[in-house]
Amino acid sequence: METTMKRLKVKNILSDGNAGQAITVCGWVRTRRESRGIAFIALNDGSAQDTLQLVIAETSPAFQKLTRCNTGAAIKATGILKESPAQGQKFEVEISEIEIFGDADPASYPLQKKGHTLEFLREIGHLRPRTNTFGAVFRVRNILAEAVHEFFQGRGFVWVHTPVITASDCEGAGDLFTVTTLDLEKPPRDNNGIDFSQDFFGKRAYLTVSGQLEAEFLAMSLGDVYTFGPTFRAENSNTTRHLSEFWMIEPEMAFADIRDDMELAENFFRTLCGKVLEKGESEIAFLEKFYKNTSISELKNLSEKSFVHITYTEAVKELEKATEKFEFPVKWGLDLQSEHERYLTDKVCKGPVIVTDYPKEIKAFYMRMNDDGKTVAAMDVLVPKIGEIIGGSQREERLEALTERMSQSGIPFENVEWYLDLRRFGSAPHAGFGLGFERLVQYITGMHNIRDVIPCPRAPQTIKF
RNA sequence: UCCCGGGUAGCUCAGCCGGCAGAGCGGGUGGCUGUUAACCACCAUGUCGGGGGUUCGAAUCCCUCCCCGGGAGCCA
């Protein structure tokens with residue numbers, strides 16, 4: 001029997017279904033269980049963490065099609081929604097019709113009804129979103145992405161689209177990917193090497209490592225802005241916390257100082273934790289149960305508790321009096337190592353901490369010089385397990401102070417006159433931060449490897465699809 | 001890039017002081033009147049990562065290359 005009924009999503013059936021209603025669902029078979037005279041299918045359509053239980057009696061015409069309803073098969077099922085008499089689910093569907101869209105041969109379909117390691121699933125990136133784990137992660141990722149916009153839009157921030165292809169190579173935020181249409185077999189050369197004046201843009205171009213500098217000129221006109229888009233780093237980093245292509249969120253506020261910046265960062269982080277609990281509780285519950293590296297209570301605590309604030313100088317003092325043996329030296333003027341950050345978050349502060357006022361030598365040139373002449377108005381948010389998740393600062397708005405820092409840091413002045421113009425004309429205090437979106441998703445889902453929180457991870461020697 | 005650990009059945013792994021290649025899960029077949037990663041019985045799994053060497057004989061010892069994971073650095 002052909003039906004004109006549109007499919008209902010499992011999420012909606014489970015939340016607003018009524019017993020007795022006729023429904024059609026489409027999805028992928030997770031498991032099939034059979035007894036004499038009756039069979040059960042757990043159907044998942046990606047809309048929810050939970051599966052919908054389909055019940056097929058021997059008397060139903062659909063019973064004949066059961067042999068093709070293997071794990072992974074895509075099907076359409078029609079029947080009557082009922083309250084389930086058994087434990088484990090509120091509803092189930094008494095099925096009258098099944099249509100098979102696509103089979104999944106059990107002998108060769110890689111995902112069978114057993115646990116798979118994350119390492120194995122990484123090798124089948126196109127199929128892993130069909131698992132409970134990756135379904136949960138990618139739905140949480142979506143909840144967070146929506147919450148990012150909701151947070152900023154609710155505060156009157158303007159979403160600005162800074163370029164993916166950039167001519168700025170001065171930020172020193174990392175190694176850049178070059179974008180070129182030159183013939184790689186025989187590129188044009190001049191005395192300095194490859195002649196990029198003959199390239200597509202007439203000069204060397206890169207994939208962006210940060211939208212911050214562009215966001216600054218938009219903040220100095222639109223007021224409060226934020227970017228949320230892809231970012232690229234060509235570093236040869238092989239860790240569980242780095243990607244070559246990742247998404248970054250960079251708010252920038254005019255007429256704001258470092259305190260406003262910290263307040264925004266903390267508010268942002270805590271609001272997002274709350275949003276995930278509100279919209280993704282079953283996803284977090286699943287991840288908590290299987291990986292025990294995140295939890296509903298931990299996220300609740302994060303959303304409610306204030307962050308600890310500590311200056312770099314105080315942090316160094318804490319580390320110096322630690323009884324713990326560190327591999328790297330602790331000394332005022334040296335950057336904090338992973339082990340030091342972990343000690344601060346796990347032992348000293350027991351949660352997220354904002355470290356401020358770093359020595360100018362270890363921070364970027366655009367950060368505002370403090371009155372002591374030694375430190376800059378920088379702030380890093382460190383969280384347990386991940387380390388640095390947010391890096392921000394008040395920007396140097398004074399022309400002379402900025403050019404002096406640029407000279408000291410060896411930043412070339414060509415190409416950045418536009419950046420200096422912002423200090424020449426109507427300059428004002430402003431501040432912002434950058435947050436790696438995948439690190440946020442990683443922290444909130446508790447996934448150990450950052451390659452497991454983005455659908456198509458890019459890393460050195462790693463590119464698929 | 002550096003330091004560790006690993007690569008044996010579709011998956012997870014044992015076997016590694018040289019001597020017939022194994023288990024669990026998954027898969028197939030049959031059974032079972034409501035299951036929850038169902039259960040019970042039986043059946044089949046193979047380039048032991050690639051190449052070279054030592055040896056009568058190598059999954060096992062040696063060399064080399066490739067790949068994967070963890071940690072570190074760089075950073076978000």
Side-chain angles (χ1 to χ4, degrees), chain A residues 29-43 50-59 67 70-72 82 84-89 92 94 104-124 131-132 171-175 209-212 230-250 265 290 326-328 335-342 362-364 380-383 386-392 433-443 448-454 459-462:
Chain A
V29 174
R30 278 288 167 78
T31 60
R32 184 188 70 213
R33 296 177 289 274
E34 287 174 274
S35 287
R36 186 147 204 74
I38 194 161
F40 302 89
I41 287 173
L43 192 76
D50 293 324
T51 53
L52 183 64
Q53 172 153 284
L54 312 182
V55 185
I56 305 99
E58 198 169 18
T59 50
T67 51
N70 295 309
T71 298
K82 303 226 158 151
S84 179
Q87 295 293 308
Q89 59 281 316
E92 62 186 30
E94 196 175 280
D105 176 19
S108 53
Y109 184 59
L111 296 175
Q112 291 303 341
K113 47 181 175 182
K114 57 158 296 190
H116 291 292
T117 60
L118 296 171
E119 289 81 3
F120 171 66
L121 294 172
R122 245 169 252 155
E123 294 168 18
I124 46 168
T131 63
N132 283 326
E171 211 217 327
D175 298 332
V209 293
S210 164
Q212 183 202 312
T231 309
F232 307 86
R233 302 276 167 94
E235 257 128 27
N236 192 13
S237 297
N238 253 296
T239 78
T240 53
R241 309 184 297 286
H242 289 86
L243 291 167
S244 308
E245 176 185 284
F246 62 100
W247 284 59
M248 191 148 67
I249 297 153
E250 295 175 290
F290 274 83
F326 293 120
E327 189 187 341
F328 290 89
D335 210 351
L336 301 178
Q337 303 292 325
S338 291
E339 55 176 353
H340 304 143
E341 293 180 351
R342 210 172 302 121
I362 58 175
K363 286 294 180 185
D380 284 356
V381 178
L382 312 179
V383 295
I386 311 278
E388 184 179 343
I389 199 165
I390 290 175
F433 63 78
L435 171 137
F437 186 56
E438 283 73 16
R439 288 196 181 167
L440 177 71
V441 180
Q442 199 184 356
Y443 184 64
H448 181 77
N449 193 317
I450 200 165
R451 298 177 190 194
D452 295 334
V453 301
I454 187 167
Q461 301 301 311
T462 303

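Chain A is the first sequence line, chain B the second, and so forth, proteins listed ahead of strands; every chain is numbered from 1. The figures here come from the full heavy-atom set of this structure, side chains too, leaving out hydrogens, waters and symmetry mates.
- When Watson-Crick and G-U wobble pairs are counted only if both distances are under 3.5 Å, C39(B) pairs with G31(B).
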Derivation and outcome, side-chain contact (heavy atoms from CB on, under 4.5 Å), residues Ile390(A) and Leu440(A): CA-CA 9 Å; Ile390(A) 290 175; Leu440(A) 177 71; over 6 Å; no

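- With P as the reference atom, U8(B) and C4(B) are 22 Å apart, rounded to whole Å.
- On a pure distance criterion of 3.5 Å, a polar donor-acceptor pair joins the side chain of His242(A) and the base of C75(B).
- At the heavy-atom level, Gly115(A) lies under 4.0 Å from base atoms of the strands shown.
- Base-pair partner of A72(B): U1(B) (Watson-Crick or G-U wobble, both distances under 3.5 Å).
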Sugar-phosphate or base contact per nucleotide [nucleotides 39-47 of chain B; S, B, -; heavy atom under 4.0 Å]: ---------

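- Spacing of C1' atoms, G71(B) relative to C39(B), comes out at 44 Å, to the nearest Å.
- The phosphate of U35(B) has neither OP1 nor OP2 within less than 4.0 Å of any side-chain N or O from Ser35(A).
- To the nearest 0.5 Å, atoms CD1 (Ile454(A)) and CD (Glu245(A)) are separated by 6.0 Å.
- Looking at heavy-atom distances under 4.0 Å, Glu327(A) makes no contact with the nucleic acid at all.
- Atom P of C56(B) sits at a distance of 23 Å from the matching atom of C48(B), rounded to the whole Å.
- Of the C1' atoms belonging to C42(B) and G52(B), the separation is 44 Å, rounded to the nearest Å.
- Taking side-chain N and O atoms only, Arg36(A) has a distance below 4.0 Å to OP1 or OP2 of C32(B).
- Counting to the nearest Å, the C1' atom of C74(B) and the CD1 atom of Ile362(A) are 14 Å from each other.
- If you take atom C1' in U60(B) and the same atom in U54(B), they sit 13 Å apart, rounded to whole Å.
- No hydrogens or angles were tested; on distance alone, a donor-acceptor pair under 3.5 Å links the side chain of Ser237(A) to the base of C74(B).
- The side-chain hydrogen bond (donor to acceptor under 3.5 Å, both in side chains) search around Asn238(A) returns Arg451(A), not counting sequence neighbours.
- Look at the P atom in both A59(B) and G27(B): the space between them is 31 Å, to the nearest Å.
- For Gln337(A), a side-chain nitrogen or oxygen approaches OP1 or OP2 of C74(B) to under 4.0 Å.
- Without hydrogens or angle criteria, Gln112(A) side chain to Pro106(A) main chain gives a donor-acceptor distance under 3.5 Å.
- In this structure Glu438(A) satisfies the salt bridge (Lys or Arg N to Asp or Glu O under 4.0 Å) test together with Arg141(A), sequence neighbours excluded.
- With Glu92(A) contributing its side chain and Gln53(A) its backbone, the two residues share no donor-acceptor pair below 3.5 Å.
- When each of Ala86(A) and Gln112(A) is assigned the nucleotide of RNA chain B with its nearest heavy atom, Gln112(A) is the one assigned upstream, toward the 5' end.
- Within 4.0 Å of Glu58(A), counting heavy atoms only, lies no atom of the nucleic acid at all.
- Among the atoms of the strands shown, none is found under 4.0 Å from any heavy atom of Pro110(A).
- Close placement of the His340(A) and Phe326(A) rings is indicated, their centers lying within 6.0 Å of each other.
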Tabulate atom names and distances for all N/O pairs under 3.5 angstrom spanning the protein and nucleotides 67-70 of chain B.
unit_1: G69(B); atom_1: OP1; unit_2: Arg122(A); atom_2: NH1; d: 3.3
unit_1: G70(B); atom_1: OP1; unit_2: Asn449(A); atom_2: ND2; d: 3.1
unit_1: G70(B); atom_1: OP2; unit_2: Asn449(A); atom_2: ND2; d: 3.3

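- Here Phe437(A) lies out of heavy-atom contact (under 4.0 Å) with every strand.
- In this structure, CZ of Phe120(A) is placed 22 Å from P of G6(B), rounded to the nearest angstrom.
- Within 4.0 Å (heavy atoms only), Glu92(A) reaches at least one base atom of the nucleic acid.
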Check against side-chain contact (heavy atoms from CB on, under 4.5 Å), Ile38(A) and Val55(A): CA-CA 7 Å; Ile38(A) 194 161; Val55(A) 185; 3.8 Å; yes

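- Distance CZ (Arg342(A)) to P (G73(B)): 8 Å, rounded to an integer number of Å.
- OP1 or OP2 of A72(B) has at least one side-chain nitrogen or oxygen of Arg241(A) nearer than 4.0 Å.
- One can place NZ of Lys363(A) at 9 Å from P of C75(B), the figure rounded to the nearest angstrom.
- A distance-only check finds a donor-acceptor pair linking the side chain of Glu339(A) to the backbone of Glu327(A) [under 3.5 Å].
- Here the separation of C66(B) from G30(B), taken at their P atoms, is 49 Å to the nearest Å.
- Taking atom C1' on both nucleotides, C20(B) is separated from C11(B) by 26 Å, rounded to a whole Å.
- Looking at heavy-atom distances under 4.0 Å, Ile389(A) makes contact with sugar-phosphate atoms alone, never a base.
- The distance between atom CD1 of Ile450(A) and atom C1' of C74(B), rounded to the nearest whole Å, is 14 Å.
- Both Phe40(A) and Leu435(A) lie close to RNA chain B; mapped to their nearest nucleotides by heavy-atom distance, the more 5′-ward contact belongs to Phe40(A).
- Residue Leu243(A) is in base contact, counting any heavy-atom pair closer than 4.0 Å across all strands shown.
- With sequence neighbours excluded, the residues forming a side-chain hydrogen bond (donor to acceptor under 3.5 Å, both in side chains) with Asp452(A) are Arg122(A), Arg128(A), listed by chain and number.
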Stepwise side-chain contact (heavy atoms from CB on, under 4.5 Å) check, Val383(A) with Gln442(A): CA-CA 11 Å; Val383(A) 295; Gln442(A) 199 184 356; over 6 Å; no

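- Judged by Watson-Crick or G-U wobble contacts below 3.5 Å, the nucleotide C25(B) has G10(B) as its partner.
- Using a 4.0 Å heavy-atom criterion, one finds that Phe246(A) contacts the bases of the nucleic acid, with or without backbone contacts as well.
- Qualifying side-chain hydrogen bond (donor to acceptor under 3.5 Å, both in side chains) partners for Thr239(A), counting only residues two or more places apart in sequence or in other chains: His242(A).
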